[in-house]
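This report concerns only the one structure given below.
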Amino acid sequence: MPSKPARYGIKAWVCCDARSSYAWKMQVYTGKTRDGPERNLGARVVFDLTKGLPRDHTVTCDNFFTSYELAQRLLADRGLALVGTVRKNKPELPPALLATKTRRVLSSAFAFTPIATLVSYLARRNRNVLLLSTLHADARLSDRADRKPALILDYNRNKGGVDNLDKVIGTYSCRRMTARWPLAVFHNILDVSSYNAFVIWREVHPDWMPGKRNKRRVFLELLGKALVRPLIERRVTLPRTEASAAVVRAAREEALCGTPPDDGLDPDALGPRAPAPEAPAPDNRASKRKRCQMCPSKKDRKTHTVCGRCNKYICKDCSRAYCTACANWGFVRGGTI
């Protein structure tokens with residue numbers, strides 16, 4: 001889609017909250033059917049995404065979705081109002097609303113039905129904007145210099161929910177380059193789910209980090225730590241890199257001592273923690289890989305294993321496996337160490 005900021009990708013229909021951009025429901029667009037292009041695609045998408053939405057809500061959409069038939073069905077079947085722009089080729093539009101040559105700039109023309117209001121606002125010469133609403137029932141104009149109808153002002157306040165969602169998940173995203181479409185969809189699910197979690201957290205804890213502008217970045221950091229903490233505590237061996245090993249050691253110490261992580265939140269704020277594991281068995285794997293110090297140098301055998309007593313690097317042929325009990329008593333295979 002050349003006119004979009006992201007021209008290539010997988011298209012998804014989204015129903016968002018107008019104020020917070022919370023994603024209520026999403027649906028992946030799978031393209032044309034075997035019988036050709038789908039008729040009334042916009043109306044079908046709106047009906048699918050608003051299923052389960054409580055009554056007395058208002059749906060705001062652009063001219064791809066808006067039609068008089070859709071407004072009638074939403075109001076009659078689900079008790080939902082509709083506000084949206086209308087394309088000029090719709091057959092239900094009266095000719096008086098389409099005429100622009102004889103009208104003054106910044107003028108408005110209204111048309112009413114028992115359930116809907118249509119307005120044609122001439123923003124510039126020979127350029128009018130058409131909107132349909134089942135929420136408004138009068139021809140009220142604003143007191144601004146451009147004399148825009150209240151219907152248009154309400155539409156402008158609520159129209160950017162999906163665009164704002166695209167912006168915020170693009171700011172902090174776990175997306176990676178991939179040629180596999182299931183992985184691309186999974187990345188998007190993670191991004192949207194983490195943003196939804198942040199919206200809920202902000203509503204439940206309105207006094208969290210007052211006056212800070214990096215709330216979402218801090219929340220995502222804490223969320224990531226809370227997700228990986230149980231896996232770190234259950235890990236048996238230390239990572240090879242020193243920085244990763246230090247993170248695992250710190251998590252184990254917190255679990256053994258019962259001290260909460262230093263993240264400014266309650267220990268169970270972002271989910272229950274895993275139960276404290278038993279003390280891990282001694283790990284004889286070193287972070288660096290070196291040559292075995294027992295073998296001749298010409299063999300050049302590299303290993304990560306270190307002797308628990310003399311701290312020498314030993315390969316598999318130069319070491320013996322024994323249990324922890326035998327190691328504590330100092331006996332291996334009936335012989336004294």
Crowding at [atom1], [X] (>12 non-hydrogen neighbours, <6.0 Å):
{"X": "E69", "atom1": "CD", "value": "no"}
{"X": "F186", "atom1": "CZ", "value": "no"}
{"X": "M26", "atom1": "CE", "value": "yes"}

Decide side chain to side chain contact (heavy atoms under 4.5 Å, CB included) for Y195 and T171; before the verdict, give the C-alpha distance in whole Å, the side-chain angles of both, and the deciding distance to 0.1 Å.
CA-CA 11 Å; Y195 179 75; T171 304; over 6 Å; no
Honestly curious: do [X] and [Y] fall in one hydrophobic cluster under the side-chain, below-4.5 Å linking rule?
{"X": "L220", "Y": "W201", "answer": "yes"}
{"X": "Y8", "Y": "I169", "answer": "no"}
{"X": "F47", "Y": "L49", "answer": "yes"}
{"X": "V204", "Y": "F219", "answer": "yes"}
{"X": "L183", "Y": "I10", "answer": "no"}

Applied to residues 22-32, the side chain to side chain donor-acceptor pair (under 3.5 Å) test, sequence neighbours excluded, yields Q27-R44, Q27-D48
Rounded to the nearest 0.5 Å, how far does [atom2] of [Y] lie from [atom1] of [X]?
{"X": "S193", "Y": "F198", "atom1": "OG", "atom2": "CZ", "answer": "15.0 Å"}
{"X": "Y313", "Y": "C318", "atom1": "OH", "atom2": "SG", "answer": "15.0 Å"}
{"X": "H57", "Y": "D17", "atom1": "NE2", "atom2": "CG", "answer": "8.0 Å"}
{"X": "S108", "Y": "R147", "atom1": "OG", "atom2": "CZ", "answer": "8.5 Å"}
{"X": "I232", "Y": "R249", "atom1": "CD1", "atom2": "CZ", "answer": "13.0 Å"}
{"X": "I115", "Y": "Y68", "atom1": "CD1", "atom2": "OH", "answer": "4.0 Å"}

_Run V162 and W13 through side chain to side chain contact (heavy atoms under 4.5 Å, CB included) and show every step you take._
CA-CA 9 Å; V162 178; W13 311 109; over 6 Å; no
Heavy-atom closest pair, residues [X] and [Y]:
{"X": "Y121", "Y": "P149", "value": "CD1-CD, 3.7 Å"}
{"X": "A23", "Y": "V192", "value": "CB-CG1, 3.6 Å"}
{"X": "T237", "Y": "R235", "value": "O-NE, 2.9 Å"}
{"X": "A81", "Y": "T134", "value": "CA-OG1, 3.3 Å"}
{"X": "S21", "Y": "L165", "value": "O-CD1, 3.6 Å"}
{"X": "L223", "Y": "S194", "value": "CD2-CB, 4.1 Å"}

Do K212 and V218 pass the side chain to side chain contact (heavy atoms under 4.5 Å, CB included) test, and can you show the C-alpha distance, the side-chain angles, and the key distance before you say yes or no?
CA-CA 10 Å; K212 300 295 184 179; V218 175; over 6 Å; no
Can you tell if the side chain of [X] reaches within under 4.5 Å of the side chain of [Y], non-hydrogen atoms only?
{"X": "L118", "Y": "E92", "answer": "no"}
{"X": "N63", "Y": "V86", "answer": "no"}
{"X": "N156", "Y": "K148", "answer": "yes"}
{"X": "L135", "Y": "Y155", "answer": "no"}

Sequence neighbours excluded, the answer for salt bridge (Lys or Arg N to Asp or Glu O under 4.0 Å) partners of R73 is none
With V46 as partner, the option from L80, L70, L82, N40 fulfilling side chain to side chain contact (heavy atoms under 4.5 Å, CB included) is L70
Taking the side chain from [X] and the backbone from [Y], do they hold a donor-acceptor pair closer than 3.5 Å?
{"X": "R240", "Y": "H304", "result": "no"}
{"X": "S133", "Y": "T117", "result": "no"}
{"X": "T178", "Y": "A184", "result": "no"}

_Side chains of K88 and N128, donor plus acceptor under 3.5 Å_ = yes
Indicate every side-chain donor-acceptor pair of residues 96-105 with a distance under 3.5 Å to a residue at least two apart or in another chain.
residue, atom, partner, partner atom, Å
R103, NH1, S120, OG, 2.8
R103, NH2, S107, O, 3.0
R103, NH2, S120, O, 2.7

Residue pairs meeting salt bridge (charged side-chain N to carboxylate O under 4.0 Å, His left out), one or both in residues 188-204, sequence neighbours left out, come to R19-E203, R175-D191
Hits for side chain to side chain donor-acceptor pair (under 3.5 Å) against R78, two or more places apart or cross-chain, chain-then-number order -> T50
With sequence neighbours left out, the residues meeting side chain to side chain donor-acceptor pair (under 3.5 Å) with D317 are R301
